[in-house]
Undergrad: 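Next up is a structure, given as structure tokens.
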Protein chains: 2
Amino acid sequence: MMDLNIKEPTTRNAKTTFQEIEKSAIKLFYKNGYHATTIADITDDAGVAAGTLYLYFPSKLVLYKHLLLTFSHNIRRYIAARVNKMESRYDKEREGVKAFIEYARKNPEMYNIIWESLYIDRDLFRDYYMSFAKRYKKGLDAAVKQGELREIDTDVVSFVLMGIANFIGLKVVFKLGERNDDIDYIVDVVMDLIKNGLFKERE
Amino acid sequence: MMDLNIKEPTTRNAKTTFQEIEKSAIKLFYKNGYHATTIADITDDAGVAAGTLYLYFPSKLVLYKHLLLTFSHNIRRYIAARVNKMESRYDKEREGVKAFIEYARKNPEMYNIIWESLYIDRDLFRDYYMSFAKRYKKGLDAAVKQGELREIDTDVVSFVLMGIANFIGLKVVFKLGERNDDIDYIVDVVMDLIKNGLFKERE
DNA sequence: TCACATTATGAATGGATATTCATATATTAG
DNA sequence: CTAATATATGAATATCCATTCATAATGTGA
């Protein structure tokens, strides 16, 4: 695992300080983006002095990477936990899309922080999507073996499904278009499409 | 239309200068992102003095917005031109996905420049995707009326289809996963999915 | 209670860079 | 040809901001 040289706090109060810095950084990176957010903005918001941030994080970049990895870890855990409860591939797929959207709505900061990696450290961006895709592909391959999915290129399919989840999440988070509060309805439409296709006639 | 206060050049040589600045800015915003690209980087690359840039663009931000609007305009024109040649909705959909991917591959800068708007001017980002989605929805609504598509929420579907095109484009541009040079093959897989769904049994 | 380690402060530093402007050259219209 | 206009230069300016560091306060183990 990438060593970020973050110094974990040990005392009770210091742990609070650490978390306050994280919280403020997430809030401000989301609101204004990485570059427009200054160290002073973060430390002011957290109610600590500028130097305090450097007790824990050696640089602004490392703070950002730390948050990215945390989000990346959390969303995967969250989705996996919910998907694993399901039996059929259909239910897994439905739950996966739903979990993604719900996580995105609860943590709208995620989009900004993950996508912004494209402009901050392109390798982080690549790694994030590649490892997400790989895990997705694994699940799909298993389902093909079980005979639940048609024989289809699971590498391509994993990107198709990630694209769907991400853009539906985008729609919900940024309230683009209609009915963005009714997640169950939106998931129904998406699953209908994934199951039955877009066109009227099959073959 | 948003007035950016760009001063168009009139003489032959000045037009070249203007285009050189555009070209260098695209190249560098793509390569290093908006914030990491300095005015000096752009003007050095274009072979002009720093002050020259300000003859045409009142600020770095306006230069960026100008490029974003140009891309946004171009990709829509490009896709529309190709889609309009097709008769059936199936062929239109296939050609639309293929055109998007091919445009993205020929102009990989597009991704960076459009997505980065989320961190530079969030309204630009919203406007871009909302107007894209609206136009998409119109085409889908027409196809539903013609009886070519199933009765399905075209607002949601437009985001699903944009998500698919964008993430497949991402896969191809960033060479994530396999077979990224074989666009026809990838489009085949995507269309198979859109037509026949993911699962083995229907209903 | 006393040394030692950890945590906190915030003013000072140093480097970076968008933009301006005084000056110079090229182009065009009459 | 000549004024007027458009184009080009690049050093100087003024601001911004990540990081450091000398100093102080707080917590901890013996």
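Chain letters run A, B, ... following the sequence lines, proteins first, then strands; residues in each count from 1.
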Undergrad: Could you pick out which residue, B:Ser59 or A:Pro9, lies toward the 5' side of DNA chain C when each is mapped onto its nearest nucleotide?
TA: A:Pro9

Undergrad: Please encode protein proximity along nucleotides 22-30 of chain D as a string of B, S and -, counting only heavy-atom distances under 4.0 Å.
TA: -----S---

Undergrad: Return the set of residues passing ring pair (Phe, Tyr, Trp, His ring centres under 6.0 Å) with A:Tyr64 (not counting sequence neighbours), or none when no residue passes.
TA: A:Tyr34

Undergrad: Quick one: are A:Arg94 and A:Val187 in side-chain contact, heavy atoms under 4.5 Å?
TA: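 Yes, side chains in contact.
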
Undergrad: Using the ring pair (Phe, Tyr, Trp, His ring centres under 6.0 Å) rule, collect all pairs that involve residues 170-190 of chain A, keeping only residues at least two apart or in two chains.
TA: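 Of all non-adjacent pairs touching residues 170-190 of chain A, those that pass ring pair (Phe, Tyr, Trp, His ring centres under 6.0 Å) are A:Phe174-B:Phe125.
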
Undergrad: B:Lys7 NZ to D:dT5 P: how many Å, rounded?
TA: 12 Å

Undergrad: Whole Å only: how far is the CD1 atom of B:Ile42 from the P atom of C:dT19?
TA: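 B:Ile42 atom CD1 is separated from C:dT19 atom P by 10 Å.
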
Undergrad: B:His66 and side chain to side chain contact (heavy atoms under 4.5 Å, CB included): which partner among B:Phe57, B:Phe71, B:Tyr56?
TA: B:Phe57

Undergrad: Take the protein atom CD1 of B:Ile21 and the nucleotide atom P of C:dA18, then report the distance between them rounded to whole Å.
TA: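 From B:Ile21 CD1 to C:dA18 P: 14 Å.
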
Undergrad: Inspect the contact between A:Asp155 and B:Lys171 and indicate whether a charged nitrogen and a carboxylate oxygen are less than 4.0 angstrom apart.
TA: yes

Undergrad: Indicate every side-chain donor-acceptor pair of residues 100-109 of chain B with a distance under 3.5 Å to a residue at least two apart or in another chain.
TA:
from	atom 1	to	atom 2	distance (Å)
B:Glu102	OE1	B:Arg82	NH1	2.7
B:Glu102	OE1	B:Arg82	NH2	3.3
B:Lys106	NZ	B:Tyr78	OH	3.3

Undergrad: Mind calculating the distance between OH (A:Tyr54) and C1' (D:dC17) to the nearest angstrom?
TA: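 To the nearest whole Å, that distance equals 9 Å.
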
Undergrad: Which part of the nucleic acid, if any, lies within reach of A:Tyr56 when heavy atoms closer than 4.0 Å are counted: base, sugar-phosphate only, or nothing?
TA: sugar-phosphate

Undergrad: Expressed as a whole number of angstroms, how long is the span from B:Leu61:CG to C:dA18:P?
TA: 12 Å

Undergrad: I want to check one thing: is the phosphate of D:dA6, taken as OP1 and OP2, less than 4.0 Å away from some side-chain N or O of B:Thr10?
TA: no

Undergrad: Once ring pair (Phe, Tyr, Trp, His ring centres under 6.0 Å) is applied, do any residues pair with B:Tyr136, and if so which ones, sequence neighbours excluded?
TA: none

Undergrad: Does B:Arg122 make a cation-pi contact with A:Tyr30 (under 6.0 Å, within 45 degrees of the axis)?
TA: yes

Undergrad: How many whole angstroms separate atom OH of B:Tyr64 from atom P of C:dA18?
TA: 16 Å

Undergrad: Report the distance from atom NZ of A:Lys137 to atom CZ of A:Phe159, rounding to the nearest 0.5 Å.
TA: 11.0 Å

Undergrad: Which residues, if any, of residues 28-41 of chain B bring a heavy atom under 4.0 Å of DNA chain D?
TA: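 Heavy-atom cutoff 4.0 Å gives no residues at all.
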
Undergrad: Whole angstrom is fine here: how far is it from CZ in B:Phe57 over to C1' in D:dT7?
TA: 15 Å

Undergrad: On DNA chain C, compare the nucleotides closest to A:Ala50 and A:Ala14; which residue's is nearer the 5' end?
TA: A:Ala14

